[in-house]
Amino acid sequence: MLQVSVLKNNPEWVKERLSVKNFKQLELVDKIIALDNERKSIQLGFDTAQSGINAISKEIGLLMTTGNVAEAAEAKAQVAAFKVQAAEFSEKIVSVEKQLHEALVQLPNLPAKEVPLGKTPEENVVVREGGQIPNLYEKAQEHWFLLDKYKLANFELGNKITGAGFPVYTGQGAKLQRSLVQYFLDFNVKAGYFEYLPPFMVNEQSAFATGQLPDKEGQMYHVTEDKLYLIPTAEVPVTNVYRDTILKEDELPVKMTAYSPCFRREAGSYGKDVRGLNRVHQFEKVEIIQLVHPEKSYQVLDEMVAHVEALLNSLELPYRILRLCGGDMGFTSAITYDFEVYSAAQKRWLEVSSVSNFENYQTNRMKCRFKDSNGKMVLAHSLNGSSLALPRIVACLLENNQTAEGIILPKSLQSYFGAEGIF
RNA sequence: GGAUAGAUGGCAGAGUGGUCGAAUGCGGUAGUCUCGAAAACUAUUGACUGUAACAAGUCCGGGGGUUCGAAUCCCUCUCUCUCCGCCA
């Protein structure tokens, strides 16, 4: 959530930034400023009335102890007028604060200055490519055929047990999932990330803190009986480790990693996008998260991009890194780099990671702060990225490495998988 | 699920209607001492709104109530402990 002070200091600049994100309701900015001014003046009225009540009450205390009952009774009558005022102000303040909050959460994060203009994915900017797109042999197939051929995953079984988009991994397919999770976690821990295994359901407060609520309510599975949400990413529970926390400056940066299944309703998806493992409702993912000093967050962003890039290189997959344009970015992000790998049989790029700097948008909601050297409270910056999401990595590994003999896994994975490949 | 006790500052822990934003201890920070450190001693040390800075106001798990006045009394919700039941 944006800080009201930012809007007040430079409303025109805020509107300009919001329009880069293709955000239309710019009038909200002025509305919020007006509401905040109103809030302040009502608060002042309330404080004044309350101050009167406090002062007289103190006097009554003294009068009572000295046995001056008549004067005490008189003083009590004086309080009544203040109480009426205070009650009126406090009623107004509740309503104004509610309006202010509701307006404020509708504003997305402001895009960083490096964010390219644009409205659609086509306008994202390729910043780097790596790896080699392989020449597949004649009989190469898309991964959904390979999953079936080697009995790695069973979609129909998932259909029966749960529903569409819930594949059941079997045999070597299940083992490949397990190996990848293990490999990714080890890779992250080696780079200094502290491992968590978080709950896979979160409460409303946690979902709000990272920005899933109220913006993405429809994308999450909701356990209504207990008011819990199935996590769409480990980002939600793990970032919330530091909700309502005041860190010491020397505790930064906080580096965390976690494996979790991710649950996404993916309402409105269809067609070739959802074939095979391209888009599913439950998938495995390993996430990296950092809480850092505001001055360092862009440097850390580059480090995280380099980290994910190194991981993809170790998997020997062809990839490209995109800087997302304003219109294609997430609600809470200030800047996002997407990683895509090339799925050689489908002949298309698939997103496997998204690395973002949220600046203080999440930490402001979470109240995650630290005291700087001057003793001033400062909001930390939060960043996160996938490292990595499994299904599309699996799709690429299968498609790109298929041979007449079988699927040859990259060297880095072989010891985790316990074999050179799938035959 | 049933019964009981409880929830106070970074932590431990006092406080049962007024002078309590809250004793005390630990921890933190600064200083004295020291070549340096430890110990000891001294001072300081919660957050939020607000202000140019003061002032003022709010916060003792959350919400509501009683009262001139609530950490303290009442209602309610949430969570935790212990015991019982069930159970991977």
Side-chain angles (χ1 to χ4, degrees), chain A residues 1-9 32-105 197-209 213 223-229 237 240-252 254 261 291 360 363-380:
Chain A
M1 163 166 82
L2 297 176
Q3 298 171 100
V4 178
S5 59
V6 171
L7 308 200
K8 281 188 161 172
N9 288 343
I32 288 166
I33 292 171
L35 280 169
D36 191 62
N37 289 334
E38 196 183 347
R39 191 205 102 240
K40 270 198 200 177
S41 79
I42 300 170
Q43 183 74 49
L44 185 67
F46 175 81
D47 285 0
T48 309
Q50 190 61 246
S51 173
I53 295 172
N54 289 347
I56 298 173
S57 293
K58 227 167 226 185
E59 277 173 37
I60 293 172
L62 282 172
L63 293 171
M64 297 294 270
T65 50
T66 53
N68 212 332
V69 181
E71 278 187 48
E74 218 172 281
K76 281 187 196 183
Q78 288 178 32
V79 177
F82 281 124
K83 285 194 79 171
V84 173
Q85 283 182 29
E88 278 172 14
F89 282 125
S90 112
E91 209 170 288
K92 272 191 216 159
I93 214 159
V94 168
S95 133
V96 169
E97 279 183 346
K98 187 165 171 249
Q99 289 177 54
L100 179 61
H101 184 258
E102 276 171 7
L104 206 48
V105 297
L197 206 175
F200 301 152
M201 289 192 241
V202 293
N203 58 28
E204 237 173 85
Q205 274 178 297
S206 295
F208 173 78
L213 290 179
V223 183
T224 50
E225 181 84 8
D226 297 291
K227 295 184 181 151
L228 297 174
Y229 293 86
N240 271 280
V241 166
Y242 286 92
R243 170 151 51 86
D244 294 320
T245 300
I246 300 170
L247 290 155
K248 298 202 177 72
E249 194 168 8
D250 61 13
E251 288 178 278
L252 299 174
V254 174
L291 298 168
N360 62 23
T363 52
N364 188 33
R365 285 192 177 194
M366 286 213 298
K367 297 289 167 270
C368 173
R369 297 162 295 171
F370 68 94
K371 240 179 205 172
D372 70 8
S373 42
N374 303 319
K376 227 184 113 191
M377 283 293 182
V378 182
L379 291 166

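Protein chains get the first letters and strands the later ones, always in sequence-line order, with residue 1 at the start of each. Please read these numbers as outputs of a predicted model, since none were measured by experiment.
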Checking all strands, does [X] fall into the base, sugar-phosphate, or nothing category for heavy-atom contacts under 4.0 angstrom?
X	value
A:Lys248	nothing
A:Lys227	nothing
A:Ile56	nothing

Specify the separation, in whole Å, of atom [atom1] of [X] and atom [atom2] of [N].
X	N	atom1	atom2	answer
A:Met377	B:G46	CE	P	10 Å
A:Phe370	B:A47	CZ	P	15 Å
A:Asp244	B:A47	CG	P	15 Å
A:Met366	B:A47	CE	P	19 Å
A:Glu38	B:U49	CD	P	19 Å
A:Glu204	B:G62	CD	P	18 Å
A:Asn203	B:G62	CG	C1'	13 Å
A:Glu71	B:C68	CD	C1'	14 Å

Judged by atom type as modelled, is there a donor-acceptor pair below 3.5 Å linking the side chain of [X] to the main-chain atoms of [Y]?
X	Y	result
A:Ser206	A:Val202	no
A:Asn360	A:Asn364	no
A:Ser57	A:Ala55	no

Taking the [atom1] atom of each, how far is [N] from [M], in whole Å?
N	M	atom1	result
B:A55	B:U42	P	29 Å
B:G2	B:A23	P	40 Å
B:U4	B:C59	C1'	30 Å
B:U34	B:C48	P	40 Å
B:A53	B:A70	P	30 Å
B:U8	B:G61	P	6 Å
B:C77	B:G69	C1'	26 Å
B:C20	B:G27	P	27 Å

**Message:** Do the side chains of A:Lys98 and A:Glu102 get close enough for a salt bridge, i.e. N-O under 4.0 angstrom?
**Reply:** yes

**Prompt:** Of the nucleotides B:G57, B:G50, B:C68, which has the atom closest to the A:Gln50 side chain?
**Reply:**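 Shortest atom-to-atom distance from the side chain points to B:G57.
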
Does a side-chain N or O of [X] approach OP1 or OP2 of [N] to a distance below 4.0 Å, or not?
X	N	result
A:Asn54	B:G18	no
A:Lys58	B:C68	no
A:Lys371	B:G46	no
A:Arg39	B:G50	yes

**Item:** Of A:Gln43 and A:Asp47, the one whose closest RNA chain B nucleotide lies more 5'
**Value:**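 The 5'-side residue here is A:Gln43.
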
**Prompt:** 5'-most contact on RNA chain B: A:Lys40 or A:Ile53, nearest heavy atom basis?
**Reply:**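 Nearest nucleotide further toward 5': that of A:Lys40.
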
Considering all heavy atoms, the nearest [X]-[Y] contact:
X	Y	answer
A:Ala209	A:Asn240	CB-OD1, 3.3 Å
A:Glu249	A:Lys371	CB-O, 3.7 Å
A:Phe370	A:Ile246	CA-CG2, 4.5 Å

**Asked** Have A:Ser51 and A:Asn54 got a donor and an acceptor in their side chains that come within less than 3.5 Å?
**Response**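 No donor-acceptor contact under 3.5 Å links the two side chains.
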
**Request:** Report yes or no: do A:Arg369 and A:Thr363 form a side-chain donor-acceptor pair below 3.5 Å?
**Result:**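 There is no such pair (donor and acceptor under 3.5 Å, judged by atom type) between the side chains of A:Arg369 and A:Thr363.
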
**Request:** Grab the stems for RNA chain B, please: at least three consecutive Watson-Crick or wobble pairs, both distances below 3.5 Å, written as range with range.
**Result:** B:1-3 with B:82-84, B:5-7 with B:78-80, B:10-12 with B:24-26, B:27-32 with B:40-45, B:46-49 with B:56-59, B:61-65 with B:73-77

